[in-house]
Amino acid sequence: MSASDHAALSSQLSTPHVGGANVREVHDSFHGDLLEVSMGPHHPSTHGVFRMIVTLDGETIVKLKPVFGYLHRNHEKLGETVTYLGSMPYTDRLDYLSSMTNNWAYALAVEKLAGQAVPERAEYVRVILAELTRLLNHTCLAGFLMQDCGCSGTPLMYAFREREYILDLFESLSGSRMMCNYQRFGGCRVDPSADWLTGAQKLADRYGTFLDEFETLLTGNEIIIARTQGVGKLSPELAISAGVTGPMLRATGVNYDLRKVDAYGVYPRFDFRVPLGDHGDVYDRYMIRVLEMRESIKILQQALAGLPAGPIMDPKAKLRSFRPKAGEAYGRIEGPKGEIGFYLLSDGSPNPYRYRIRPPSFINLTVLEDMCLGHTVADAVIILGSVDIVLGEVDR
Amino acid sequence: MTAALILIAVFTLATAAVALSLRNLIHSALLLIASWFGIAAFYLWAGAEFVAFAQVLVYVGAVSMVVLFAVLLTRRSRADTVIARDSVERAISAVITGIAVFGVLVAAILKTSFARLSPAGVPPLQSGTGVSPVISAPTATVRDIGMQLMSAHAAALLIIGILLTVALLGAVVLAAQDAPESKQESP
Amino acid sequence: MDAHPYAFLALFAAVAVAFPLALLAVAQLWFRFFQPPKPSADKGAVYECGIAATGDSWIQFKAHYYLYAILFLIFDVEVLFLLPFAVTFTTLPVGALVAMLVFILLLAEGLVWAWHRGHLEWK
Amino acid sequence: MFKRDPEDCPLSQEVTPPPPAVTEAERDELRRQGILLTSLQELYTWGNSHSVWPLNFGLACCAIEMIAASMAKFDIARFGSEVFRPSPRQADLLIVSGTVTKKMAPQVIRLWNQMPEPKYCIAMGACAISGGPFKQGYNVLKGIDRFIPVDIYIPGCPPRPEALLHGLVQLQKKIQGFKLTGPDAPRHLRDDQPCNCPVPEFGEHDLEPPANPEVWTAPPAIVRKD
Amino acid sequence: MESPEQIRDRLLARFPGAEISVVTNPGIAAQHSLLLGAAHARAIAEFLRDDPTLKLDQCSNVTGIDWPEKEIVETKNISTPDPANPAAPPKVVEQKTKRLQLGFLEVVYHLYSITHRHGPVIFRLRTGNRTDQATVPSLTPVWRSCEFQEREAFDLFGITFDGHPDLRRILMWDEFKDHPMRRDYAEPDDYEWEPTPHGTVLEKTKAHYPPPPALVAAPTVLPAAPAAPVKGATP
Amino acid sequence: MSLDPLPLCLLFSSALVCLGLIGALARSNTILVLLGIELMLNAANLNFIAFWRYGPVTSPATGVMFVMFSIAVAAAEAAVGLALIIAVYRHQKNIRLQEANRLKG
Amino acid sequence: MTLPGPLTFLLQLPLSSAAGAADAFLERLPLVARDWVTSWLPEPWRWLVNSLLSIAIILSVFGLLFAYVTLAERKILGRIQNRPGPNRTPIPFTKLRFFGLAQPFADGVKSLTKEDVVPRGADHLLHFLAPVVLLAFSILTFAVIPYGRHLVPVELNAGVLYFFAAGAATELAVFMAGWASRNKYSLLAAMRALAQLISYELPLLLAWVPVVLVAGTLSTTEIVAAQAGWQFNVIPHWYVFTPWGAAGFAIFMIAALAESNRSPFDLPEAESELVAGHLTEYSGFKYALFFMAEYFGMIALSGMAITLFLGGWHAPSPYLEFIPSYVWFMGKLSALLLGFIWIRATFPRLRMDQLTRFAWKFLVPLALINLGNAAFWSLSFHWSGPFQILRWLISVLVVVGPFVLLGRKLSAGVAPRVYRYAV
Amino acid sequence: MLGTGLLQGLGVTAKNFVGSFHDPARLTTIEYPEVKTKLPEAYRNFPFLVTENATDPMGTLRCVACQICEKECPPQCIYIEKSKDKKPDATGKPQLFPAVFAIDTSVCMSCQICVEVCPFEAIKMDQVYEIATTDRFSALLLNREQLAKSNAYYHEIHPTEAAEVDARLAAERKAAEEKAAAAAAAKAAAAVAKASPVAKPPLTA
Ligand code: SF4
Ligand code: SF4
Ligand code: SF4
């Protein structure tokens, strides 16, 4: 790659390149032919059935085209054919690592659409579950990211060990490990018992210790630092323009957390901080998530301490024959992966007329190519890992 | 023992001959490596242990790499590894030349009487007994080589050192003509 | 029976080659008697993440690290000369030491030069 | 074929197929082949059943539970199956763990075809068996068994990791029942059974063909009133 | 944040002649939106993004909606004053008008401002019809986040985005011809094995199960097998 | 005679040298030419060893020394030669010997 | 001294003064047993059978070791990851589970009966040869390692050089495998393998030159012999207990990790990047051969590290000498292999440029400096008293100084970061 | 210094390795076929039909074939055919019953919506998960007989929930009886010649 190419490349990487078309043809025959390699849909590191068509010059990526749709399960179409309630279990299967937040986002949108109130206790329980989900999601993400970096499973195993503890909580509350189907319009399905709350409290108390150990294993590790720092840099301008949200946006230094901005639920009552990165590289994305987990523990502690008594479900809420008034609503929350939003258009029938999901990881992938150009295959893998995608949500 | 020598010779020559006549360069290179092994085996047969291993280390371990890289780098793009057929006339003339040279050499070898050259005490060949794996020919332990190298041939060593350095500089400069840019790029 | 000092080595080499071949032969026996081959077009196709492979992989490869090969070759030879020297090190006169030092420094200079010119960077 | 324990499958019907009747000729044959073959068979089935290496292949939510099954709490390694091979060439088991979309189906089938024999397939989760909750979707394949033969079905959405382990044990039992020769021998040990599953093409509205008739035929119709 | 009406007024001042109207949302959420004409959409989008008071720098959500052609029956109470007796209370006549609402495709954009932390501002673009004029200007050059979402709308709804740098199918395969999110999309028929069909699924299933003779006698709603051979037997 | 090792060795090496020669002359691919030359160098080394082993006794390790130096020279030659080939290739996209003489101009 | 040689040669070996009769018998047990087995053979055959027997013993011992290293790896990895690892595979024909000790054999049987697929477009010959060559050369490296006091298969004057010469050919096999498969991932892996192996061969070679320099020999047995004895009967005279030796050992082990494609240098088969790298198109027993060759290579390199730095088969303390030397060797081997596994369980993988940079800009200079260090150590062997301390000081400084400086340069620009918060 | 982070990492893994031999928190494996996880009460896998009486499962199904669950089940995996005639239920009241009640477990997403919407507490979630099978078509389609499980079984797997349900049902029954009694009294009093109305249970649970 010649110097001018590199200059062009780096300028491309740093400017908020809005064109979208970023096909670069570099062909200098000394440097060899370009090799077009398909990574995915069956590839150990694409976290499912994602596919990237990378064009390589040696090992350097000169072009990267993501291919979607291998897990396109027609979620939105199905949402138009089932009732509002019937869509709830489907949202579990969107981002299947964080079904609780998906549930919440959907419930929030429907509550907006139907003007449904939510009792305070349910709001607290939602916060608790959302933060548990955040812990779960970020822990797993760190594990998967490290797997992509080439760890032989150890961080992932530790992550999943902790995940099991959270899943146990979810399971004993909602009945299912992953597909909780727990939130309802106007509250939650079951009231957490005192035992459950002690369990959650215990988990919140010891999660910090686990994070310490996890960080000792990873954060100071020279190899990981070398692998991740300066890799996959994203500028705040491009991040904003590309609609990047969540930890990935905050890693670029943009202070935008819907829990603060939209102040939905009872979040304003809690004292927590929003960690911000300065480089927008893979390391920042990883670290922001780790730091967010520590904040989540704080929120958990506060929410568990302040959980009010009262009904878990609004008595006026309807389960069957639920027909919101015609109209539309867009509700969004800060999911672990970013802004997860639901846009609902009701025509007064029991099924939504239009049921649209704003999937954070799908939109975060917009900048994948920009982040990967000029890096090597090995970097592309961890950059993808640091975006934190779940295909169920990307392809829906 | 002669049998071993003949075996080694046949192996070496065959691999070399095939290597030089193949059209697939990768196969050529790999076969040539096999032939280098044969040569190393010959050194071993002759009792030059150190050189034999040196041959393997340098040729098989390093020269082969350079050759393979060169092959991979200079294939015309997308085309197969198979290179174009060479002209037949050239081949024929080359073979004729080769055979002529070989004839001259063989004649010279056969004419010479080696009896007087042979050092006393070299058994013509050792067969059978299996008791004494001792070789009475000149041996060159590493220590001998070292002593030689550092005394009689110290000057040569230095010359080799200079040669290697120059070769290094030359080869790198030749092969990496866009080096100055790459230096700018490297952080 | 030949008892050349390196005959054992030759035998060792022969066994070393025969060992994997023998194992493969055993596998072949199994297929001969029990498991008929099941070739198919897809099975014979190159794996590419489940996609039908496009393009050839035998391409002209960009290998800037060709330079490493050259460096390695030269240093390999250096090690070769280092060894006899090292073996005799304790018994050597000072002059020889100086000669060797010059030899090593010459080559080390090559390394420093390559480092300085950025040739040691992977591209 | 192994007999299914009624306790093993409390939800399912009594579906144990009667063992095929052994003819006199076959019995003679068996006697002739004798002890050597039997022990070879035992060794073969032992080796194959305890070294089932799955393909490192996840499709959707069920894949997470599959991963969880290989993690500390469930540890599929105890069965010798934690060696998740990334390349189909070294894998024995294809765990179809999740929704197979029509866009993905040709890839799954190609992967299956690229796995060397003997190979097994587990359809994990509702989606892999029948399309599951998403079966009404236009892009969802209604069960991977429309294209490739499935050995074990594990219903659930997602099945618990233990359910996957249970499925694996069932598979091991099935392998242990393999015969080396004769008409009961599994697919890969007989030369009259092809092992290639044609890969469907992407059509204008659907996959073409939408199912592989050699592998899948719908059972007798269930016709019901509305 | 300004209300949609304020924004409309400001936009109209800035872009005289642009077609901008406010679409009210009858629902409880009351998230009203702006309807923009295609001609000025791109310029307006840029204005929304760059305007210092709005600074809608994030386009969060882009989605298509299909509005097929439909017959709308409007019932109007028309009070016709009795010409004979103007003093009398006007006679109320219920008048039904049938109107064919033309089908169109709509794209909805949800904008937020990260700088000012406000939003959403919602606007919509509409195509002329659902077949040959299914084009709206692409806003990918304004917000990069539209890139994939517009491709998705193209794929699933068949909305063409004018000026999109890379408008290809994104979720379905390239050979696919239909636009599955349209409401008149007929999905491929693969209902061979449906043990629990009911509702619409049953209708589809029936095509695959010609009534087997054994079940003909059974009281099902399926059409009975033709009795033609019997007739033929007794001439 | 035929069992004498020295003439056998010499025959071996002369055959090898001729092979290298034929290869170097007949092939037009520069890499192969270079490899032919390498073979010829190796053949020379064979002779050194053969004479050291069976020739008149001189200093104990001279032959071996020569071979070592020869290996070093050959390595240097290979490095430079192949680097040259690559340099030529970069300019001409071709490594056929006949076309390489354009370098002169 | 060759092991296949007749028994009389063994008796001429200088026996360690501490070795009593019984322990000498133990020491020679394998040889005595072997010779007893072949004693009935006519003399001309004895050599051949003896040799074949030795080779068979080596192969079976290391074959078994390979099998159990893989099992140990899976189990230890499991333990580190809070799970027990394979433990359910019964002994065939029985129902005894026995901690899953039969697991590797089940895998072996499986691999043996697994269909062998060669892609159509591949270079069939090279595709077939690659695993054979690789395994053959990894087996060859076993020839010169002294496994015990009297147990060295073949004693060569340039034994260490032989070892590395034989090892040098393995990289070719990896290249062959990757290139012959005609698979894109394999090709990338092949190129990576080439670059990686050429980068780490050099530090590997340079790391042990100091040993040669101090021991003054290239023969493995003599190097082991040179490490006999104890300082004050406590600290063994192993080279690893000198500053240059420790540095050399560290460099050697790092390079050995890379040479045997182990984590964190497992780039050619980097699963998350290149699927299975050069092995992507290998199935059935050819794949098993690769696997075996890799472990053989790892075992051989560990054996060589023991020989060069860890005093070979010497006992760590004079009071433990009654344990036969080969047991010590095996013990040290297991410890090193455990280290390999431990590292694999902990570290992520490097990137290619970091890998080569680490080799050329860190290990090679360090190894060169260490060479000088060893020279100094060797020249200052007669320093005593306070000078002894000075000698240690200088030597340690020469190791640590460059390590810190080069390390700092290597990790320039990357460091743990501090993050800010928005409230 | 270079390497400290790596050493710390090695320390963590070593700690876990050693811990796996004595610390149960560091050897979390549940050795499945021998030991089984204790399932939480709430765990759900597939639905089953509650019968009042284990000896006569088909006769005492609580389900009255109202088909609400069939309609609400999101993936439509329930199939019900109403009976033609009525059978007395547990309280002796004549009720319709499902002539066919099939759930396709190869489709069911374990969402529990059928349970939530059933007004008669007739369908509940089972906890059996060891249902892997080699046979797709006949083994995964569960019919009425396979689905029916006794109330005692329900109490076994979901004790708390079942107790609540029983209490609620008892209360409802009592209310119904009282109402019926009141109605009968009223009938007797007013002597209205009409069949007593069937008490309709409330729709929402
Ligand atoms: S069966 Fe359920 S959990 Fe599994 S992939 Fe399908 S939807 Fe996801
Ligand atoms: S809702 Fe309850 S009572 Fe009605 S059909 Fe379903 S299970 Fe039976
Ligand atoms: S659990 Fe959900 S999917 Fe299953 S039968 Fe009930 S409603 Fe249907």
Side-chain angles (χ1 to χ4, degrees), chain D residues 1-2 4 7-17 69 71-79 122-136 143 145 150-171 174 218-220 222 224-225, chain H residues 16 20 25-37 39 43-48 67 70 73-77 79-82 99-100 102-113 126-143 145-147 149 153:
Chain D
M1 292 300 126
F2 67 93
R4 260 172 351 94
E7 282 112 53
D8 272 343
C9 310
L11 269 188
S12 55
Q13 281 166 330
E14 203 52 56
V15 286
T16 320
M71 294 294 157
K73 187 165 176 191
F74 305 101
D75 194 20
I76 205 169
R78 294 175 294 119
F79 301 87
I122 286 184
M124 177 187 184
C127 287
I129 301 175
S130 69
F134 296 97
K135 73 184 296 186
Q136 326 270 322
D145 55 0
V150 173
D151 293 285
I152 301 287
Y153 297 88
I154 308 176
C157 182
R160 292 179 70 81
E162 288 105 321
L164 177 61
L165 295 183
H166 179 254
L168 184 68
V169 172
Q170 301 298 310
L171 180 68
K174 179 170 177 174
I222 298 179
R224 291 178 156 159
K225 72 175 182 65
Chain H
N16 275 284
S20 74
R26 293 201 195 276
L27 186 65
T28 52
T29 308
I30 295 165
E31 306 232 2
Y32 157 65
E34 288 87 23
V35 189
K36 289 187 180 154
T37 332
L39 294 171
Y43 176 68
R44 57 182 145 96
N45 202 14
F46 291 124
F48 70 94
Q67 291 184 313
E70 186 189 79
C73 168
Q76 309 218 328
C77 64
Y79 179 79
I80 299 169
E81 268 178 38
K82 277 189 183 140
V100 174
I103 292 184
D104 191 356
T105 51
S106 72
V107 174
C108 171
M109 73 206 280
S110 312
C111 63
Q112 206 179 1
I113 284 185
D126 205 346
Q127 295 196 331
V128 182
Y129 55 81
E130 288 163 317
I131 33 184
T133 169
T134 51
D135 180 7
R136 167 181 170 181
F137 291 118
S138 46
L140 294 181
L141 180 66
L142 302 188
N143 58 24
E145 284 73 18
Q146 288 161 307
L147 285 170
K149 303 215 172 161
Y153 176 77

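Sequence lines set the chain letters: A, B, ... in the order given, protein chains first and strands last, and positions in each chain run from 1.
- Residue contact with chain H, scored on non-hydrogen atoms closer than 4.5 Å, involves the backbone and the side chain of D/Lys73 alike.
- When heavy atoms are compared at a cutoff of 4.5 Å, H/Leu39 approaches chain D solely by way of its side chain, counted from C-beta outward.
- The two residues D/Gly132 and H/Pro75 have their closest heavy-atom pair at O-CB, 4.5 Å.
- Neither the backbone nor the side chain of H/Glu145 comes within contact range of chain D; no heavy atoms are under 4.5 Å apart.
- Distance check, rounded to the nearest 0.5 Å: CD1 of D/Ile152 to CG of H/Asp135 gives 10.5 Å.
- With a 4.5 angstrom heavy-atom cutoff, H/Phe48 does not touch chain D via any of its atoms.
- Residues D/Arg78 and H/Pro33 share a closest heavy-atom pair of NH1-CD, 4.0 Å.
- Across D/Val150, D/Asp75, D/Val169, D/Asp145, the residue that shares the most heavy-atom pairs under 4.5 angstrom with chain H is D/Asp145.
- Between the side chain of H/Arg136 and the backbone N or O of D/Tyr153 there is no donor-acceptor pair closer than 3.5 Å.
- For chain H, the nearby parts of D/Pro133 are the backbone and the side chain; heavy atoms of each come within less than 4.5 Å.
- In terms of modelled atom types and a separation under 3.5 Å, the side chain of D/Ser130 and the main chain of H/Ser106 share a donor-acceptor contact.
- Within the 4.5 Å cutoff, no side-chain heavy atoms of H/Ile30 are placed close to those of D/Glu162.
- For the atom pair CG of D/Leu164 and OH of H/Tyr32, the computed distance is 10.0 Å after rounding to the nearest 0.5 Å.
- For the atom pair H/Met109 CE and D/Lys135 NZ, the distance stands at 13.0 Å (nearest 0.5 Å).
- When the candidates D/Ala163, D/Cys127, D/Pro158, D/Gly125 are compared by the number of heavy-atom contacts under 4.5 Å with chain H, D/Ala163 comes out ahead.
- Closest non-hydrogen pair, H/Cys108 versus D/Cys157, comes out as O-CB, 3.8 Å.
- The distance from the CZ atom of D/Arg160 to the CG atom of H/Asn45 is 8.5 Å, given to the nearest 0.5 Å.
- Distance alone, capped at 3.5 Å, is enough to place a donor-acceptor pair between the H/Thr29 side chain and the D/Ala72 backbone.
- With a threshold of 4.5 angstrom between heavy atoms, D/Phe134 does not approach chain H through any atom at all.
- Distance check: H/Thr105 OG1 to D/Ile154 CD1 gives 12.5 Å after rounding to the nearest 0.5 Å.
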